[in-house]
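First up is the structure itself, then whatever we jot down about it.
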Amino acid sequence: MEFNEEDFLQLSGIQHFIFCKRQWALIHIEKQWCENEKTVDGQFFHKNAHDKIRHERRGNTLISRGMYVHSRELGLSGQCDVVEFYKCENGINIVGEKDLWQPYPIEYKRGKKKPTLCDEAQVCAQAMCLEEMYCCNIPEGAIYYGENRHRMNVDLNEKIRNLVRESVKEMHDLYTRGQNPKVRKKKSCESCSLVGICMPELFEENTVEDYIQRMIKLEK
Ligand code: SF4
């Protein structure tokens, strides 16, 4: 099945979705947003990655910033922070260039590596878009973490590709139904800018014992 452009979801949403499905739904279905220190900082960081020079050549490498990508198979579209193109014998053609080139997407993140694979999935989704657009194979990408100034290579293996496919399928299903899933309150809620809108404590399951304890406290 192929998606039409009007049904494309935002590629960057996959990172929100894997971090927290409810956060993704609040932002992308309910169109809610709230800034905190981390999100503002992150936007400045991304603006720097995108906005400096759009295309640049360094030796045998071409660097493209803010490149638009899409995939009809995944139903995603978005922008890559940076795509580097390495000169390579079995690479792709680029208009205006006589050599062949291997694309290599790099996602910029303000913080450090997270416990989930949300950042890896984002760079993998970018690579899958590039593969579809250029009919090529991209075995590796990278994430640059600003907090420790570390560039981490990401092996775009079947495991991460399946995570992307399964996540995107669920995102489309939820989006079509307009459904915002309920989730359990977790440690990461403390750093979520949407905690005030989401109110995750309302989803906490209360036992009969909790209820009795609350009633006893109220009566005191
Ligand atoms: S507060 Fe927690 S449950 Fe709610 S959107 Fe944020 S991370 Fe998800």
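Indexing begins at 1, ligand by ligand and atom by atom, following the structure's order. The analysis underlying the following values was restricted to heavy atoms, covering all of them including side chains, and did not include hydrogens, waters or symmetry mates.
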(request) Using the rule that two of Ile, Leu, Val, Met, Phe, Trp, Tyr join whenever any of their side-chain heavy atoms come within less than 4.5 Å, decide whether Phe19 and Val195 are in one cluster. (result) no
(message) List ligand 1 atoms under 4.0 Å from Val195, heavy atoms only on the residue side.
(response) 1 (S)
(message) Using a 4.0 Å cutoff against the non-hydrogen atoms of Gln23, which atoms of ligand 1 qualify?
(response) 5 (S)
(message) Walk me through whether Gln102 and Lys87 qualify under side chain to side chain donor-acceptor pair (under 3.5 Å).
(response) CA-CA 6 Å; Gln102 171 64 38; Lys87 213 181 266 191; over 6 Å; no
(message) Within 2.8 Å of atom 4 (Fe) of ligand 1, is there any N, O or S atom belonging to Cys198?
(response) yes
(message) Within the 3.5 Å criterion, strictly below it, is a donor on Glu84 or Thr61 matched to an acceptor on the partner's side chain?
(response) no
(request) Could you tell me whether Arg151 and Glu107 have a side-chain N and a carboxylate O separated by less than 4.0 Å? (result) no
(request) Using a strict 4.0 Å threshold on nitrogen-to-oxygen distance, state whether Arg65 and Asp81 make a salt bridge. (result) no
(message) Among all the protein's non-hydrogen atoms, which is closest to atom 6 (Fe) of ligand 1, and how far away is it?
(response) Cys192 SG, 2.4 Å
(request) Do me a favour and list the nearest non-hydrogen protein atom to atom 3 (S) of ligand 1 with residue, atom name and distance? (result) Val183 CG2, 3.4 Å
(message) Can you confirm whether or not the ring centre of Tyr104 sits under 6.0 Å from the ring centre of Tyr86?
(response) yes
(message) Just to be sure I read this right, does ligand 1 sit under 4.0 Å from the backbone of Cys20, its side chain, both, or neither, counting only heavy atoms?
(response) side chain
(request) Could you confirm whether Cys189 has any N/O/S atom lying under 2.8 Å from atom 6 (Fe) of ligand 1? (result) no
